[in-house]
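Just below is one structure, and these are the notes that go with it.
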Amino acid sequence: MTETLAEPTLVLDRPDSRPTAGSVLRAILRAPFQARTWKELAYLVVAAILGCLVLAYLFVGYGVGLYSSILIIGAPLLAGVLLGGRIWGRVYRAVGAALLSADLPAPPNFAARPGLVGWFRSVFTDRTAWRALAFLVAEAVLGVFVGYVVLTVIAVTVFTAISPVPWAVFHPVNVDPQGREHHSMAQFGDYYIDTWPRVLGLAALGVIGCFLLPWLVRAVCWAHRGLMLVLLTPTAGDRRMVELQESRRVAVEDSAATLRRLERDLHDGTQARLVSIAMTLGRAEERLAAGADPAALIADARASSKDAIAELRELVRGIHPPALELGLEPALETLTARCAIPVELRVHLPQRPSPAIEAIAYFSVAELLTNVVKHSGATAAWVSVAPAGAATMMVSVRDNGHGGVRQPGPMGGESEAGADAPTERLVGGGLAGLAARARSVDGNLTVDSPVGGPTNITVTLPIAGPQ
Amino acid sequence: MSTAEAGRTADALRIVIAEDSAILRDGLAGLLTDRGHEIVAMVGDGIRLSEIVAETRPDVAVVDVRMPPSFTDEGLLAAIELRRKFPATGVLVFSQWVETRYATELLAGGAGGVGYLLKDRVADVREFVDALQRVATGGTALDPEVVSQLFGAARQQDSLARLTPREREVLELMAQGLTNASIATTLTVTERAVEKHIGNIFLKLDLPPSDTHHRRVMAVLRLRG
C-alpha cells in the first residue's frame with residue numbers, strides 16, 4: 001500500500017496524556033459548556049428529524065416500488081430510490097462534517113454503463129448506493145428510536161435540574177390514594193418531593209445529571225460517526241482505484257513530459273548544431289570555390305561537430321544510461337563519480353530489480369544528487385541502495401547540507417523548498433515529480449530534513465515493479 | 001553569380017534575422033555577409049521583430065518559427081503580421097520542421113514575397129541565397145517538403161486531380177518558386193514544353209487570363225485547399 005490517502009479511522013476520544021483525578025474532573029465540569037457538546041446535541045436533533053424523513057422515504061419508496069414491481073414502473077422506481085440513497089449520503093456527510101467534525105471523504109461518483117440495460121445494471125450493482133441504503137436503515141433506527149430516548153432523557157434531566165423554579169411558581173397540588181394533599185412536582189411511590197430540602201435535593205441530582213449528559217451525547221454521536229465512516233466513505237477498493245487512477249495519470253503525463261523535453265533538447269541542441277555545421281561547411285565550400293582559404297570555417301565546423309557529439313551523449317544518458325544495461329550499481333558508480341561533490345556509494349541488492357525500477361531508482365538518485373549540489377550547500381553525500389523487506393528496496397540519498405527540504409504534497413502538485421527551479425505544472429518537477437513517479441509503481445518517497453541538516457531522502461520501490 | 005564576389009556586386013540585400021539559437025543566428029549572419037548582404041538587425045524573439053522591421057524596413061526577414069517566450073509558433077505569427085503590415089518586406093520562414101497548417105496560414109495573404117524553408121536547405125548556400133533573393137523581390141520559395149504536404153492536403157480537390165503527373169510536377173516546381181528556365185533544366189525538357197504544361201495547368205485550374213506572374217501565384221494558391 002502507498003500513503004496517498006489517509007485512511008479514515010475510528011478514534012475514540014483519546015486524552016492527550018494520562019488522565020488524573022483533576023483532569024477528569026476538569027473535563028466533566030467543562031463539557032456542558034463546550035461548543036462541541038452543543039453541536040453534537042444539535043446533530044442528535046437534526047438526526048431525529050432527518051431520520052423521520054428517511055423512514056418515510058424508505059417506506060414510501062420501497063413500499064410503492066416493490067408493490068408496483070409487477071408493473072413496468074417498479075424497476076425504475078426502485079432504481080431511483082437506490083440512487084436517492086447517494087443523495088441522502090451526501091446530505092448526511094455534509095451534516096456530519098459540520099456538526100460532528102467528522103472527516104468524511106466522498107465515495108466515487110456514479111458511473112453508468114452505456115445503454116438502458118447497462119444503466120439499470122450499474123444502478124443495481126452500485127455498491128456505494130447499497131451501502132448508503134444500509135446506512136439509512138441503521139441511521140433511521142439510531143437517529144429516530146435511540147435519538148428519541150436520548151432526547152427524552154436530556155429533557156427530563158434538564159427539567160429536573162430547574163424543577164425548583166416551576167415548583168415554587170406554580171404550586172402543583174397532588175392528592176394521594178388516602179386523600180391527602182401534597183404540594184409536589186414529582187413522586188416516587190409514596191415518596192413525595194414536597195418540601196424545600198427534597199426539591200433542592202432532586203434538583204441537585206438533575207444538575208449532576210446535566211454534567212453527565214454530554215458523555216451520553218458523545219457516545220451516541222460516536223456511534224453515528226462510526227456508521228458514516230463505515231458506510232458513507234470510500235471502501236478500501238475505492239481508495240485503491242483512486243490511487244491507481246492517479247498513478248496512471250502521473251505515468252502518462254510523465255512520459256509525455258519526458259518526450260516533450262527530449263524533443264526540445266534535440267531541437268534546440270543537436271539539430272541546431274547540425275544545421276550550423278552544414279551551414280559552415282557550405283560556406284567553406286563557397287570559399288574554396290572562390291579560391292579563398294576555408295581552414296577557419298572547417299575548424300569551426302569540426303569544433304561544432306564535437307559539441308554536437310557531446311550533447312548527444314548527454315542526451316542519450318538522459319534517456320537511458322547505457323551502463324544501466326550492466327546493472328544499477330555500475331550505472332550509479334558513473335553517476336556518483338561525475339557528481340560535483342564527493343559521493344560515497346553503497347549498493348547491496350540480492351537480486352536485480354526490474355528494468356523499469358532500475359531506471360526509476362537511477363533517475364531518482366540523479367535528480368536528488370542534482371538537488372544536493374544545487375540547493376543544499378553540502379560538501380559530501382552518501383547514496384545507498386539496500387533491500388527493505390522481501391519485495392522492496394530502499395534508495396536513500398543523504399547529505400551534510402543545511403536541510404530544510406519539505407516533503408512534497410501527496411498529489412504531486414507542490415514543489416519542494418527550492419521553488420526557484422521551474423516546475424512542470426502537471427507532473428511536478430523536482431521532489432514532487434520523483435514522489436509521483438515512485439507512487440506510480442506503488443513506491444513512495446520520504447523526506448527527513450530538519451532545518452540545519454542533515455537531509456536524508458529515501459525512495460522505496462518494489463523490486464519486481466508494481467503488482 | 002557563380003562566386004561570392006559576383007554576389008556582392010549584384011543586388012545586396014538588407015536582411016533582418018529573427019532566430020533564438022545563437023549558433024544559427026551567427027552562422028546565418030556569417031553566411032549572408034560572406035555573400036555581400038547586409039544584416040541590419042538580429043533579434044532572438046518574435047515580439048521585437050515587428051518593431052525592428054518598422055524601424056529598418058529591410059528587403060527580407062528570415063524568421064524562425066519556434067522562439068521565446070512560448071516556444072510554439074510565435075515566429076509564424078510574427079511572420080504573418082509582417083506580411084500584413086509591411087508588404088514590401090519579403091518574409092522567409094525558416095524552420096526545423098514543416099507543418100501543413102503553418103504553410104496554409106502563411107500563404108493565406110497571397111503567395112508573393114513569402115518563403116517557407118527547412119533549415120536543412122542552408123547547407124546548399126547558393127540555393128538558399130537564391131531563395132532569399134526571390135522572396136526579397138516578391139517571389140515565392142517553398143520547400144519541396146512544404147509543397148508535397150500542400151499537394152497531399154489538396155489531393156481531394158477535383159481541379160488538381162485533372163492534372164497529368166507531369167503537370168503536377170511542373171506545378172510543384174512552380175510552387176517552390178522556380179522560373180520556367182529552371183523548371184526546364186530540372187525536368188530536362190525544353191522551356192517551350194514547360195510553357196505548354198503551364199498553359200494547360202492554368203486552363204485546368206480555371207485561372208482567368210491575366211499577367212503571367214499573377215497567374216503563377218494563383219496556381220500555387222490553389223494548393224492551399
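Please read all numbers here as calculations on a predicted model, not as lab measurements. No hydrogens, no waters, no symmetry mates; every other heavy atom, side chains included, goes into these values. A note on names: the letters A, B, ... follow the listed sequences, proteins ahead of strands, and every chain is numbered from 1.
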statement: CZ (Arg66(B)) and CZ (Arg264(A)) are apart, to the nearest 0.5 Å, by 5.5 Å

task: Supply the atom-to-atom distance Lys119(B) NZ to Leu274(A) CG, rounded to the nearest 0.5 angstrom.
output: 12.5 Å

message: Do Arg126(B) and Glu286(A) make a side-chain contact, defined as non-hydrogen atoms from C-beta onward lying under 4.5 Å apart?
response: yes

field: Pairwise side-chain contact, Glu285(A) with Val125(B), heavy-atom cut-off 4.5 Å (strictly under)
entry: no

Residue selection (most heavy-atom pairs with chain A, distance under 4.5 Å) from Leu28(B), Leu31(B), Asp26(B): Leu31(B)

- request: Mind jotting down which residue pairs meet the ring pair (Phe, Tyr, Trp, His ring centres under 6.0 Å) criterion with at least one end in residues 126-148 of chain B? Sequence neighbours excluded, please.
  value: Phe94(B)-Phe128(B)

query: Among pairs that include at least one residue of residues 250-288 of chain A, which meet ring pair (Phe, Tyr, Trp, His ring centres under 6.0 Å), considering only residues two or more places apart or in two chains?
result: His267(A)-Trp97(B)

task: Determine the minimum heavy-atom distance between Ile23(B) and Arg273(A), stating which atoms define it.
output: CD1-NH1, 3.4 Å

query: Hey, which of Asp34(B), Val122(B), Leu32(B) is the one that makes side-chain contact (heavy atoms from CB on, under 4.5 Å) with Arg283(A)?
result: Asp34(B)

Flag if over 12 foreign heavy atoms under 6.0 Å of CD, Glu127(B): no

